[in-house]
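Numbers here are sequence positions counted from 1.
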Amino acid sequence: MRLVGILLLCLGACSAAAAQLRVCLYYDGEDNASGFLVGERSAVMVRNLLGHFREVQARVAPAGRYTAGALPECERAIYMGTYSDARLPEAFLADAARYDRPFFWMNYNIWKLRQKMGPEKFAASWGFDYEKVDETSQEKRGEVPRFYSRVAYKGATFRKIDTLDDDGNFNGDAAIVLITRRSATVLAEATHSGTGHKTPYLVRRGDFFYIADNPVSAIDERDRYLVLADVLFDFLKLAPRHKKRYAVVRIEDIHPAYDLKLLYQTVEVFRRRQLPFAISLIPRYVGADNPGMDATSNIKFVRMMRYAVENGASILVHGYEHQLTVDLGCGVSFSGEGYEFWDVCRNRPLPFDSDAFVQERLDRAKRILADAELPWAGWVTPHYAASELALRVIQRNFGRILQRMDYFLEGRSYSRAHTVDQFFPYTIFNDYHGLHIWPENLGYVPLPGPGVPAKPVEAMLETARLNKVVRDAWASFFWHPFLIDTPAGIASLEKLVDGIRAEGYEFVSLQELRARGD
């Protein structure tokens with residue numbers, strides 16, 4: 001989205017009777033010459049998290065184009081300082097200095113507000129003093145820099161990404177603003193991996209919140225990103241939607257030619273425990289030796305699916321064929337392997353992408369399920385990849401999507417510089433595209449092989465433990481029944497299910513969640 005002026009984005013059901021909370025989100029760097037647009041990308045991610053709160057109306061705008069008097073119209077304000085010494089209009093700083101409602105300032109340029117207010121007044125209002133920016137960088141390829149890489153919050157320790165890519169380059173964002181606490185409450189503290197020195201990471205004084213880096217710059221499942229996801233409840237002064245912690249596992253890539261013995265063994269894990277689960281169902285299978293098989297063509301498969309539904313399964317429609325027979329330049333793949341709504345060869349929308357094309361495939365998928373008398377609860381996009389057009393058609397048809405998301409900034413070229421990859425710890429009722437997203441935030445158990453974590457199950461359970469800090473959090477993952485024939489075995493699923501339950505999560509029926517509007 002090219003955010004010119006202030007765009008009003010309504011989050012949640014905006015009924016006349018519902019009280020709405022106006023939240024202004026300002027980002028910087030819209031005039032940055034690099035074209036990477038860190039500010040706009042970051043604003044999309046925070047705006048998506050605000051989509052968990054149905055009471056919120058979010059106004060998203062570049063701070064550089066601020067006009068005097070806009071801030072006082074907002075009941076909450078957020079500024080994302082993603083570029084050090086970015087241009088901030090005098091009118092913005094003046095209105096921010098006078099703002100007396102909840103204000104969340106993230107990362108850079110807090111020193112400009114301090115200068116505008118004066119050091120004494122700033123320290124009295126915000127409860128801390130600015131020291132300097134610590135911008136530790138990688139000194140030698142192949143070595144992880146020492147920086148403030150761990151964040152303690154509510155008794156749990158989160159991390160900032162500290163990994164290397166295949167070329168030995170540092171993947172993360174080591175920068176942090178160092179501050180000295182005065183009267184503010186320290187909600188989270190960062191620790192330096194080399195010296196052990198600690199510095200306030202998240203502080204609060206009254207209605208003023210400050211976080212000392214860009215919490216969405218580089219994220220993973222155990223990242224300090226989760227600290228932001230939780231503290232938004234306090235900043236917005238909104239209560240959690242429920243006291244329970246939800247858990248969902250979806251059995252992935254099931255199709256009419258699937259090995260029913262493997263599927264049956266998987267279903268039995270949940271039947272014996274009397275737990276609900278989900279199945280990602282590909283209604284029509286196309287394979288190397290199979291030109292096409294609808295679910296209704298295999299009565300044994302339909303019976304197996306009905307058995308699963310009778311024993312707690314909710315069906316998520318996983319494309320129509322989960323492949324395209326059209327060769328876009330990098331070969332033709334088969335169901336479960338191929339992309340269906342995205343040109344993976346060129347990383348852009350399909351050349352024939354259209355409302356009619358998407359709708360036709362969705363209609364065919366829904367018709368097969370209707371003929372098989374199999375109800376569905378929502379949708380999972382093949383490989384999580386689809387154009388914005390396709391996603392809007394999917395939302396219109398299915399109303400619920402369970403997955404991680406890729407966002408492409410509207411009005412920009414399709415490139416990695418304009419792409420946002422994001423997972424969510426809780427339900428997002430209205431995201432950047434207006435979608436209702438159920439989260440997938442723990443990942444999956446991969447096939448054994450080079451580069452595969454030695455203990456993926458333990459890592460996923462650790463992620464589930466960390467997510468307990470976040471209000472309204474889910475523990476959501478997917479699992480492939482073909483793992484039964486690998487060393488991971490059915491035990492990997494049983495350990496995950498039992499371990500997540502032991503952490504206090506409750507496995508929920510997506511069909512029931514949908515029925516009650518969640």
Side-chain angles (χ1 to χ4, degrees), residues 248-325 332-341 360-383 394 397-398 400 402-403 444-445 447 477-486 489-490 493-494 497 509-511 514:
V248 169
V249 54
R250 73 177 198 265
I251 309 309
E252 190 72 351
D253 287 339
I254 304 304
H255 53 70
Y258 208 87
D259 186 327
L260 296 184
K261 292 181 180 178
L262 298 181
L263 181 55
Y264 175 77
Q265 291 179 66
T266 305
V267 170
E268 289 302 282
V269 170
F270 299 95
R271 187 193 65 80
R272 290 194 301 268
R273 291 166 173 77
Q274 296 184 316
L275 296 177
F277 61 105
I279 292 178
S280 295
L281 172 61
I282 305 167
R284 177 176 169 82
Y285 176 76
V286 177
D289 301 318
N290 194 323
M293 175 192 293
D294 291 355
T296 50
S297 301
N298 185 344
I299 189 61
K300 291 184 178 179
F301 177 76
V302 172
R303 287 173 179 167
M304 181 69 244
M305 290 301 300
R306 289 175 181 169
Y307 176 79
V309 170
E310 290 168 0
N311 285 280
S314 294
I315 293 176
L316 296 166
V317 184
H318 197 22
Y320 165 53
E321 294 177 335
H322 201 318
Q323 66 91 46
L324 285 172
T325 54
V332 176
S333 54
F334 307 113
S335 292
E337 300 174 348
Y339 289 69
E340 188 167 1
F341 300 101
E360 180 183 22
R361 296 185 81 83
L362 302 189
D363 286 343
R364 289 178 179 178
K366 290 192 291 184
R367 189 177 304 117
I368 291 172
L369 268 66
D371 290 345
E373 298 180 354
L374 294 173
W376 48 262
W379 171 273
V380 179
T381 305
H383 295 305
I394 290 165
N397 280 265
F398 290 95
R400 303 290 187 278
L402 193 159
Q403 63 182 69
Y444 66 102
V445 180
L447 278 171
F477 68 99
F478 61 96
W479 193 86
H480 296 88
F482 57 66
L483 287 165
I484 292 173
D485 290 336
T486 74
I490 195 75
L493 176 61
E494 294 173 329
V497 170
S509 164
L510 296 179
Q511 201 77 46
R514 181 187 182 97

Could you go through D371 and D294, starting from their C-alpha distance and side-chain angles, then the distance that decides it, and tell me whether this counts as side chain to side chain contact (heavy atoms under 4.5 Å, CB included)?
CA-CA 10 Å; D371 290 345; D294 291 355; over 6 Å; no
Mind running side chain to side chain contact (heavy atoms under 4.5 Å, CB included) on M304 and V267 for me, showing each step along the way? CA-CA 9 Å; M304 181 69 244; V267 170; 4.0 Å; yes
_Between L493 and F477, does the side chain to side chain contact (heavy atoms under 4.5 Å, CB included) criterion hold? Intermediate values first, please._
CA-CA 10 Å; L493 176 61; F477 68 99; 4.2 Å; yes
Practice prompt. May I have the step-by-step check of side chain to side chain contact (heavy atoms under 4.5 Å, CB included) for W376 and L374, ending in yes or no?
Written response: CA-CA 7 Å; W376 48 262; L374 294 173; over 6 Å; no
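Residues Q265 and V269 form no side-chain contact, since every pair of their non-hydrogen atoms from C-beta on lies 4.5 Å or further apart. When side chains are defined from C-beta on, W479 counts as touching I484, because their heavy atoms get closer than 4.5 Å. Between L281 and L369 there is a side-chain heavy-atom pair separated by less than 4.5 Å. The closest side-chain heavy-atom distance from F482 to L447 is below 4.5 Å. I254 has its side chain within reach of M305: a pair of non-hydrogen atoms, C-beta onward, lies under 4.5 Å apart.
Heavy atoms only, all atoms of each residue included: A372 and V302 are closest at O-CG1, 3.8 Å. Of all heavy-atom pairs spanning F277 and I251, the tightest one is CD1-CG1, 4.1 Å. Of all heavy-atom pairs between V317 and A365, the closest is CG1-CB, 4.1 Å. In terms of heavy-atom proximity, P481 sits nearest to Y258 at CD-OH, 3.3 Å. Nearest heavy atoms, P256 versus N298: O-ND2, 2.8 Å.
How far CZ of R400 is from CD1 of I394: 15.0 Å, rounded to the nearest 0.5 Å. With values rounded to the nearest 0.5 angstrom, L316 atom CG is found 12.5 Å from F478 atom CZ. F341 CZ to L362 CG: the interatomic distance, rounded to the nearest 0.5 Å, is 5.0 Å. The CG atom of L483 sits 9.0 Å away from atom OG1 of T266, with the distance rounded to the nearest 0.5 Å. Here CD1 of I282 is found 4.5 Å from CG of D253. Values are rounded to the nearest 0.5 Å. Interatomic distance, OH of Y444 versus NE2 of H480, reported as 7.5 Å (0.5 Å rounding).
Annotation: ring pair (Phe, Tyr, Trp, His ring centres under 6.0 Å) contacts involving residues 281-301, sequence neighbours excluded, comprise H255-Y285.
Put simply, the side chain of S314 never gets that close to the backbone of S509: no donor and acceptor are under 3.5 Å apart. For the pair E337 (side chain) and Q323 (backbone), a donor-acceptor distance under 3.5 Å is absent. Not a single donor-acceptor pair under 3.5 Å links the side chain of S280 to the backbone N or O of E252. The backbone N or O of V380 lies less than 3.5 Å from a partner atom in the side chain of H318, making a donor-acceptor pair. R271 contributes no side-chain N or O that, together with a main-chain N or O of N311, makes up a donor-acceptor pair within less than 3.5 Å. Of the possible donor and acceptor atoms, one in the side chain of S335 sits under 3.5 Å from a partner among the backbone N and O of E321. Between the side chain of H322 and the main chain of G338, a donor-acceptor pair closer than 3.5 Å is present.
Within 6.0 Å of OH in Y307 there are more than 12 heavy atoms belonging to other residues, nucleotides or ligands.
R364 has a carboxylate O that lies under 4.0 Å from a charged side-chain N of E360, or vice versa, which qualifies the two as a salt bridge.
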